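Quick caveat, the model's predicted, so the values are computed rather than measured. Each chain gets a letter, A, B and so on, in the order its sequence line appears, and its residues count up from 1.
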Amino acid sequence: MNVPGSMTTLRARVREALGKAPVRRNFRAAMDGIRAKRAAALPDATDFAQRRARAAAIRARALARLPELLERLEQRLEANGIQVHWAEDATQANAIVLDLLHRAGARSVIKGKSMVSEETGLNDALGEAGVAVVESDLGEYIVQLAGEPPSHIVAPAIHKNRHEVAALFQAHHPQREATEDIEGLTAEARQVLRRRFAQADAGISGVNFLVAETGTLVLVENEGNGRLSTSAPPLHIAITGIEKVIERLDELPPLLDLLTRSATGQPITTYVNFISGPRRADELDGPREVHLVLLDNGRARIHADPLFADTLRCIRCGSCINHCPVYVQVGGHAYGSVYPGPIGALLEPQRLGLEAGGSLTSACTLCGACGDVCPVAIPLPGLINQLRAEGVEPRPDSPLPDAGRLRHRGEALLWRLWATIYAHPHRYRWLARLLTALRRLAPRRLGAWTRWREAPRPAARDLHRPGARSGVLR
Amino acid sequence: MNEARDHILKRLRTVRREAPDTGAPSPATGADGETLIARFRAALEAVRGEVHRLRDGDWVGWLARELPARGVGNLLAGTGEIGHTLQAHPIPGVTLHRYDRPVEDWKDALFDHIDAGITGCRGAIAATGSLILWPGPEEPRLLSLVPPLHIVLLDAANLHADLATAIRSQGWAQGLPTNALLITGPSKTADIEQTLTWGIHGPRELVVLILG
């Protein structure tokens with residue numbers, strides 16, 4: 001079992017990531033570029049504030065009525081001929097997908113991009129069951145060949161440069177002429193994956209928005225792999241979280257606009273794909289069956305928590321990740337979680353529990369950049385800080401798994417002592433005098449703090465005496 | 001898995017929250033047809049879409065000039081009006097194929113041998129340079145996706161200021177086809193070093209002929 005947020009492993013991964021200079025250069029370059037694009041696409045702060053207030057309200061309204069909307073969605077989808085399946089956790093979701101594939105006799109699957117399937121470990125589950133899965137989003141295909149998880153939710157192979165991609169392609173497509181040229185590599189992937197699209201027995205995709213009113217799955221993409229995965233094979237299985245639903249179609253444009261501008265700085269992606277049913281009798285292509293797997297996996301619990309329910313507003317644009325000063329230094333793999341960066345630090349501890357995921361909140365400087373750019377105004381820094389508190393001093397009835405479990409007795413005692421002393425002027429003065437007198441005994445090494453800094457040394461005279469003499473302090 | 005469904009819905013029903021008002025959709029800006037066309041063209045050209053303005057009946061002539069010059073030997077059309085017109089006016093050097101049988105019967109040929117696909121569209125969106133396609137029996141989904149070149153005929157009268165306006169005035173909420181699409185430019189990716197590269201899985205080129 002991978003424990004993404006445990007402190008020792010997080011520290012080890014961060015140290016490892018900081019040692020990889022080429023990878024850090026890849027991240028720096030990519031993030032600088034993507035931030036500039038986003039800034040150009042949303043240049044006016046007042047306009048952005050208005051737009052995101054509306055987007056946030058649409059998402060909040062949908063979440064407030066989530067059970068009703070899901071039922072309406074299910075009813076509309078089934079009326080449209082799309083079969084709906086519900087999964088409480090990753091195991092159930094993977095079992096549903098496998099069962100659908102088995103019933104169809106599907107042996108080969110082509111996949112469009114889906115972070116929820118990363119969350120359930122679907123590829124491994126299918127692989128173990130003997131189903132061949134090929135990722136078709138170029139970035140996902142690259143990390144699949146490398147045997148790595150995505151390092152970014154929108155740009156999965158952002159940590160790799162062209163030379164690394166070229167080496168991977170050469171190893172996996174030995175019959176093709178080697179190239180290090182990005183256009184050549186892209187053309188190579190096109191040729192290899194085109195065969196897969198033509199031959200696949202089933203396509204699996206994620207979903208960006210579910211529209212309850214019309215019973216529609218909306219997929220947003222640039223490559224066309226999402227369209228091919230959902231229209232070339234005879235069977236399409238979509239998998240997504242229960243929070244993705246919105247009520248009406250006319251609520252889609254403002255969300256779509258902010259999603260693409262925030263994610264990649266585009267006014268719109270090349271393709272926006274609205275799927276409202278399988279192939280009808282008179283149609284000549286499209287899947288004969290369309291299924292939607294709705295995954296809970298902790299979301300309903302988050303939904304019930306008044307403090308953290310806003311987490312579910314997220315539309316997975318990745319903008320918080322792109323603007324995070326920690327992410328840009330350490331990259332996505334250092335987090336060890338499915339979702340990295342600020343949204344990961346907020347979502348994963350809630351999903352996995354504070355013991356397993358809680359230390360991810362320490363990979364945050366509370367600088368506030370993520371909160372500033374979030375297109376649905378999730379107060380990320382405040383919530384991440386609140387999560388830290390839940391680990392050591394939770395609300396009385398905190399629904400968070402492992403609430404309070406990160407509390408260390410020694411540390412708690414020390415803070416209580418500090419509070420007792422600092423709350424009273426004479427105790428404080430007494431401590432200051434004591435520390436001044438004992439200053440030569442102050443330790444020179446203070447664990448991780450002094451690895452890069454000098455230990456603080458109490459001054460020879462505390463500030464109170466000169467302050468009191470000059471009349472500034474009493 | 002009805003048990004899972006009931007559990008999930010039950011968990012979601014443990015809380016009741018105020019549903020905030022989302023406010024009215026922003027009204028579309030009024031603009032005349034020529035302004036919309038200019039906006040559409042600029043937005044689509046910015047993402048490497050090719051746009052030409054033709055008189056109504058001139059598109060077959062345009063194809064007859066351009067397709068051979070671009071090396072298109074095999075053109076795919078649907079079974080609707082566009083296909084009929086092309087069948088009635090063969091283009092020398094270009095073999096016309098009709099998408100008139102289920103894809104399973106000829107998938108390999110579709111993926112390997114077709115150079116260009118031609119479709120109509122339900123209209124377009126000026127703000128983003130997007131084409132609205134509703135594939136169906138006459139123009140199946142893969143017609144606009146698999147061939148490396150996609151040619152679209154757009155009626156100049158069918159331009160909408162933005163997506164919200166199009167959804168409203170075309171009545172999308174009253175019923176969508178099994179598949180509806182917004183297409184804005186040729187297929188692209190920036191997954192390697194954030195470098196924009198064209199034609200990864202879908203068409204490498206998108207040509208829009210605005211008619212009228």
Side-chain angles (χ1 to χ4, degrees), chain A residues 30 33 54 57-58 60-61 64-67 85-88 92 96 138-139 155 157 161-162 165 182-183 185-186 190 193-194 198 213-214 216 222-225 227-228 231-232 242 249-251 253 267-268 270-280 282-286 296 300 303-304, chain B residues 1 4-5 7-9 11-15 17-23 25 43 47 99-103 107-108 111 127-128 130 136-137 140-142 145 162-164 167-168 172-173 176-195 197 199-202:
Chain A
R54 173 121 203 273
I58 291 170
R61 186 176 167 83
R65 309 172 58 210
L66 194 50
H85 310 264
W86 302 70
E88 290 192 76
Q92 279 185 12
I96 292 167
L138 180 59
N161 62 33
R162 73 186 76 187
V165 176
I182 291 177
E183 273 191 35
L185 292 166
T186 304
R190 177 186 174 98
L193 290 169
R194 228 171 146 73
E213 177 182 37
T214 51
T216 302
N222 282 310
E223 296 187 357
N225 68 308
R227 280 184 69 195
L228 276 167
S231 52
I242 50 172
L249 201 58
D250 68 14
E251 293 172 334
I268 193 168
T270 302
Y271 302 115
V272 182
N273 189 359
F274 299 74
I275 297 168
S276 309
R279 177 197 308 203
R280 294 214 177 98
D282 59 349
E283 288 181 308
L284 302 174
D285 63 14
D296 180 342
H303 181 259
Chain B
M1 288 290 166
R5 176 188 189 276
H7 288 168
I8 293 169
L9 289 174
R11 276 199 288 275
L12 290 175
R13 288 213 172 89
T14 56
V15 283
R17 292 217 176 82
E18 284 288 300
D21 192 6
T22 58
V47 289
Y99 201 145
D100 54 7
R101 58 205 182 280
V103 66
K107 214 180 222 178
D108 284 340
F111 273 79
T128 51
S130 310
R141 308 177 195 210
L142 297 178
L145 180 59
D162 54 26
L163 175 60
I167 286 177
R168 221 174 14 246
W172 289 29
L176 280 166
T178 55
N179 189 209
L181 297 163
L182 302 178
I183 298 178
T184 314
S187 153
K188 63 175 181 275
T189 184
D191 275 351
I192 304 176
E193 293 186 10
Q194 295 290 294
T195 304
T197 314
I200 167 70
H201 295 302

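- Interface remark: B:T128 contributes backbone and side-chain atoms alike to the contact with chain A (heavy atom separation under 4.5 Å).
- Inspection of the A:E223 and B:S187 side chains reveals no N or O donor paired with an N or O acceptor under 3.5 Å.
- When side chains are defined from C-beta on, A:R279 counts as touching B:P102, because their heavy atoms get closer than 4.5 Å.
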Open item on the list: Is there a side-chain contact (heavy atoms from CB on, under 4.5 Å) between B:T178 and A:F274? Walk through the geometry before answering.
Closed with: CA-CA 8 Å; B:T178 55; A:F274 299 74; over 6 Å; no
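- Of the atoms belonging to A:T214, it is side-chain heavy atoms, and not backbone ones, that fall under 4.5 Å from chain B.
- Between A:T270 and B:P186, every side-chain heavy-atom pair lies at or beyond the 4.5 Å cut-off.
- At least one side-chain heavy atom of A:S231 sits less than 4.5 Å from a side-chain heavy atom of B:L145.
- When the candidates A:I275, A:N225, A:I242, A:L193 are compared by the number of heavy-atom contacts under 4.5 Å with chain B, A:N225 comes out ahead.
- Remark: B:R11 engages A:E88 in a salt bridge, criterion side-chain N to carboxylate O under 4.0 Å.
- Residues A:L284 and B:R101 fail the side-chain proximity criterion, which asks for heavy atoms closer than 4.5 Å.
- Side-chain contact between A:E283 and B:N179 is absent, with no heavy-atom pair separated by less than 4.5 Å.
- Residues A:G224 and B:H201 approach most closely at C-CB, 3.9 Å, considering heavy atoms.
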